[in-house]
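Reviewing the structure listed below.
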Amino acid sequence: MLAHALAWTVLGLIVLTTVVPVRAKYPLMAMANIDSVVPFGLLGFLFVMAYPEDRRITALVCIVAAAASESLALILPEKCLRIERAILKVLATVGGLLLGALFMECTLQAW
């Protein structure tokens, strides 16, 4: 139950930070691309933990969310679409999904 709440909270925070104007974001996060890698990797990891029986649908939802977060720049003012950031977000999400799946397999074998 905790994994469900955390996964949806992270997704909500990603959506919230996507629509926040660029000037309002913390400046160091934008410089280090932390805002691209960590939340999306965490998103993939937490969704695999929350929904281990639906991995394909979970992966599809997470990857679409990652691509949509950068695609929103097309309709939001003061944002610019950057393909390299979209690819980075999708790769971070896939990495989180893979780490989550590996973690789940390791915990199942340990029991």
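Taken together through direct or relayed side-chain contacts under 4.5 Å among Ile, Leu, Val, Met, Phe, Trp and Tyr, Ile57 and Leu46 form parts of separate hydrophobic clusters. When hydrophobic clusters are built by joining Ile, Leu, Val, Met, Phe, Trp and Tyr residues whose side-chain heavy atoms come closer than 4.5 Å, directly or via intermediates, Val61 is not grouped with Val90. Leu108 and Phe47 are assigned to two separate hydrophobic clusters, defined by single-linkage of ILVMFWY side chains at heavy-atom distances under 4.5 Å. Leu98 is not connected to Leu102 by any chain of hydrophobic side-chain contacts under 4.5 Å among Ile, Leu, Val, Met, Phe, Trp and Tyr, and they are in different clusters. No path of Ile, Leu, Val, Met, Phe, Trp and Tyr side chains, each step under 4.5 Å between heavy atoms, connects Leu16 with Val64, placing them in separate hydrophobic clusters.
Taking CD of Gln109 as the reference point, atom CE of Met104 lies at 12.0 Å (rounded to 0.5 Å). Rounded to the nearest 0.5 angstrom, Leu42 CG and Met49 CE are separated by 11.0 Å. A distance of 12.5 Å separates CZ in Arg85 from CD1 in Ile87, rounded to the nearest 0.5 Å.
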Using side-chain contact (heavy atoms from CB on, under 4.5 Å), reason through Ser69 and Val15 one step at a time and then give a plain yes or no. CA-CA 7 Å; Ser69 74; Val15 170; over 6 Å; no
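Of all the heavy atoms in Cys62 and Leu97, the pair that sits closest is SG-CD2, 4.2 Å. Annotation for Leu43 and Ala65: closest pair CD2-CB, 4.5 Å, computed over non-hydrogen atoms.
Classification of the Tyr51-His4 ring pair by plane angle, with boundaries at 30° and 60°, yields perpendicular.
No side-chain heavy atom of Val10 sits less than 4.5 Å from a side-chain heavy atom of Phe40. Two residues are said to be in side-chain contact when any heavy atoms from C-beta on lie closer than 4.5 Å; Pro39 and Leu13 fail this criterion. Looking at Ile63 and Leu60, their side chains never come closer than 4.5 Å, going by heavy atoms from C-beta outward.
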